[in-house]
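For the numbers below, each heavy atom of this structure counts, side chains included, while hydrogens, waters and symmetry mates do not. None of the values given here were measured: they were computed from a predicted structure. Residue numbers begin at 1 in each chain, while the letters A, B, ... track the order of the sequences.
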Amino acid sequence: MPVHSSEHFSRQSNDSSFPTLWDELQWRGLIHVSTNEDELRDLLAGEPITYYCGFDPTAPSLHLGNFVQLMLMRRLQLAGHRPLGLVGGSTGLIGDPRPTAERTLNTPEVVAEWVGYLQAQVAKFLSFEGDNAARLVNNLDWTSPLSAIEFLRDIGKYFRVGTMIKKDAVSTRLNSDEGISYTEFSYQILQGLDFRQLFVDHNCVLQTGGSDQWGNLTSGVDLVKRSLGSTVHAIGTPLITNSDGRKFGKSEGNAIWLDEKLTSPYAVYQFWLNTDDADVVDRLKVFTFLTRAQIDELGEAVATEPFRRLAQRTLAFEVTTLIHGEAATLAAIAAAEALFGQGDLAALDEVTLASAIDALPTAIATAGSPVTQVLLDAGLVASLGEARRAIGQGGVYLNNVKVDDDAALIGQSVLHGKFAVLRRGKKTLAGVRIG
RNA sequence: GGCUAGUUACCCAAGCGGCCAAAGGGAUCUGACUGUAAAUCAGACUGCAUCGCAUUCGGGGGUUCGAAUCCCUCACUAGCCA
């Protein structure tokens with residue numbers, strides 16, 4: 001288990017100005033649906049309880065969508081409750097029904113590898129010390145020994161097909177041309193089983209998750225009630241959406257991952273910095289531990305002096321620090337200031353420039369490389385044709401100077417003899433090392 | 001098992017033998033305007049390339065001078081019947 005120094009968590013606390021934790025969670029917009037509001041308010045305000053949230057290994061890393069869940073978990077822990085971080089070694093082998101299409105199954109080896117990655121990520125956001133230390137669990141531990149007969153006799157009997165079919169995730173698919181396989185149809189049973197197991201083993205009485213998982217959350221609540229006669233609870237967080245209707249958590253069509261190898265701290269910082277004015281206050285509530293007073297102040301700043309982008313800067317700093325730590329965040333800021341600064345890039349000292357370039361996707365080139373090829377190598381464009389088009393549209397800059405000839409060579413402009421900065425559009429950058 | 005409808009580019013969706021690299025919408029990207037914001041307007045959006053070429057319309061195989069469009073077959077999906 002990873003152990004963090006206390007300073008790692010020192011900036012994190014709930015806001016004591018709220019009468020109860022529940023009120024704060026509501027104000028932050030972390031609660032979209034729940035089993036029983038009054039009971040939950042009391043439950044969370046009382047003696048420590050054990051709660052869990054599950055993450056399925058459908059990718060090698062968690063992303064910003066999962067980050068909402070991690071924030072809620074951490075807030076509950078800060079209030080004294082005991083978290084169980086579940087990574088779904090078995091549910092990940094099945095896949096929950098997506099509204100659009102049947103999932104492609106991953107091999108058990110791949111899923112097992114991803115389980116390890118996700119566990120490490122979940123662990124970063126929870127404290128494993130003290131009376132309410134977090135624990136990691138894997139549902140493969142209790143699902144894998146079950147035989148098909150045991151599963152059908154002992155668990156299946158508690159599930160009514162009529163109820164299962166009515167769940168949104170299932171009915172959406174049944175009503176689509178896509179249909180649904182028995183495999184994915186069964187998913188809700190597995191997740192229900194998890195809640196029952198954790199209730200029995202750890203007296204876990206609350207499950208949190210995204211509201212799109214609501215059907216799966218209640219599946220567990222119902223199973224515990226039917227099979228054991230006990231009442232347990234669930235909280236569904238809202239789906240985070242952008243005010244303009246675009247999907248939250250994507251940048252240029254790519255998900256923002258929590259793994260720095262997949263999404264650099266620089267890219268994470270840039271993502272948050274570019275938050276719309278209309279959304280920034282909501283984001284501050286959900287994704288930072290700033291107090292209500294601080295957030296109100298930032299909201300005021302958006303209204304009165306939007307051009308300073310104080311709220312966006314604060315949001316980007318806070319979230320990037322949560323995910324990657326303060327050192328990486330400061331480096332990302334320094335890189336951004338160097339690259340987006342008013343000054344001439346050639347005027348930057350070599351050390352600053354080198355570290356700024358380190359923060360960007362980079363390509364290796366020679367002085368004689370065509371700019372179009374380097375654009376492609378750096379991932380700024382998808383093809384040479386697109387590179388030429390971008391140049392033709394006046395959207396490509398080499399060291400902040402517009403490239404107007406699609407036959408231009410990198411070597412025409414090199415910084416400190418070994419670097420160049422390529423930019424596409426206003427803010428998509430790549431570093432080039434001359435080798 | 002039978003019958004019917006369907007499978008088109010990132011998503012939705014036209015096309016029903018040549019004028020189809022394939023209408024339209026959305027998403028995305030770029031330009032202008034800005035605050036590394038939004039809204040708006042303009043352009044791009046299979047790849048390579050000097051109005052040309054190559055690869056696409058679920059997979060495979062045919063018919064034809066020529067197919068996304070017709071035929072056969074396989075796979076998958078939905079609905080109805082058994």
Whole-Å P distance, B/rU64 and B/rG15: 28 Å

Ring centre gap for A/Phe125 and A/Phe67 strictly below 6.0 Å: yes

Taking any strand in view, what nucleotide pairs with B/rC16 in a Watson-Crick or G-U wobble way, both distances under 3.5 Å? none

Which residues pass the side chain to side chain contact (heavy atoms under 4.5 Å, CB included) test with A/Tyr397, not counting sequence neighbours? A/Lys402, A/Arg423

Name the pairs: protein N/O against N/O of nucleotides 43-46 of chain B, kept only if under 3.5 Å.
| from | atom 1 | to | atom 2 | distance (Å) |
| --- | --- | --- | --- | --- |
| B/rA44 | O2' | A/Arg389 | NE | 3.2 |
| B/rA44 | O2' | A/Arg389 | NH1 | 3.2 |

Whichever of A/Asp277 and A/Gly385 has its nearest RNA chain B nucleotide further upstream toward 5': A/Asp277

Would you call A/Arg75 and A/Glu24 a salt bridge, taking side-chain N to carboxylate O under 4.0 Å as the test? yes

Is A/Ile180 touching bases, backbone alone, or none of the nucleic acid, heavy atoms closer than 4.0 Å? sugar-phosphate

Distance, rounded to the nearest Å, where A/Phe340 contributes CZ and B/rU36 contributes C1': 5 Å

Remember a base hit wins even if backbone is also touched, and classify A/Ala336 as base, sugar-phosphate or nothing at under 4.0 Å, heavy atoms. base

Is it true that the NZ or CZ of A/Arg292 lies under 6.0 Å from the centre of A/Phe18's six-membered ring and within 45 degrees of the ring axis? yes

Can you tell which of B/rG35, B/rU36, B/rU30 lies closest to the side chain of A/Leu273? B/rU36

Whole-Å gap separating P (B/rC48) and CG (A/Leu384): 5 Å

Nearest nucleotide by nearest heavy atom, which residue falls closer to the 5' end of RNA chain B, A/Arg424 or A/Arg313? A/Arg424

Specify the separation, in whole Å, of atom OH of A/Tyr397 and atom P of B/rU36. 13 Å

Only one of A/Thr372, A/Leu376, A/Val374 forms a side-chain contact (heavy atoms from CB on, under 4.5 Å) with A/Val381, so which one is it? A/Leu376

Quiz question: by atom type and distance under 3.5 Å, do the side chains of A/Asn216 and A/Ser219 form a donor-acceptor pair? no

Taking atom C1' in both B/rA22 and B/rU56, compute the distance separating them and give it to the nearest angstrom. 10 Å

B/rG35 - base-pair partner by Watson-Crick or wobble geometry, distances under 3.5 Å: none

Same-atom distance (P) from B/rG24 to B/rA42, integer angstrom: 15 Å

Phosphate OP1/OP2 of B/rA37: any A/Lys427 side-chain N/O under 4.0 Å: yes

Looking at A/Thr275, does any N or O in its side chain come under 4.0 Å of the phosphate oxygens OP1/OP2 on B/rA38? no

Under a 3.5 Å cut-off for both distances, is B/rG43 Watson-Crick or wobble paired, and to whom? B/rC29

Spacing between A/Arg423 atom CZ and B/rC29 atom P, to the nearest angstrom: 16 Å

Side chains of A/Ile31 and A/Thr237: closer than 4.5 Å at any heavy-atom pair? no

Roughly, in whole Å, what's the span from OH in A/Tyr266 to P in B/rU36? 13 Å

Using the C1' atoms only, state how far B/rA75 lies from B/rG58, rounded to an integer number of Å. 8 Å

When the P atoms of B/rG6 and B/rC41 are compared, how many Å lie between them, rounded to an integer? 37 Å

Counting only Watson-Crick pairs (N1-N3 plus N6-O4 or O6-N4) and G-U wobbles (N1-O2, O6-N3), all under 3.5 Å, who is the partner of B/rA78? B/rU4

Just say parallel, tilted or perpendicular for the rings of A/Phe419 and A/His416, cut-offs at 30° and 60°. perpendicular

Atom CD1 of A/Ile165 and atom C1' of B/rA78: how far apart are they, to the nearest Å? 15 Å

Inter-nucleotide P distance (B/rA9, B/rA14), Å rounded: 13 Å

State which residues pass side chain to side chain donor-acceptor pair (under 3.5 Å) with A/Asp296; sequence neighbours excluded, sorted by chain then number. none

Roughly how far apart, to the nearest Å, are B/rU73 and B/rA13 at atom C1'? 28 Å

Would you mind reading off the distance between A/Leu310 atom CG and B/rU36 atom P, rounded to a whole angstrom? 15 Å

Rounded to whole angstrom, note down the P distance from B/rA27 over to B/rA38. 13 Å

Measure CG/A/Asp276 against P/B/rA38 and give the value in whole Å, please. 5 Å

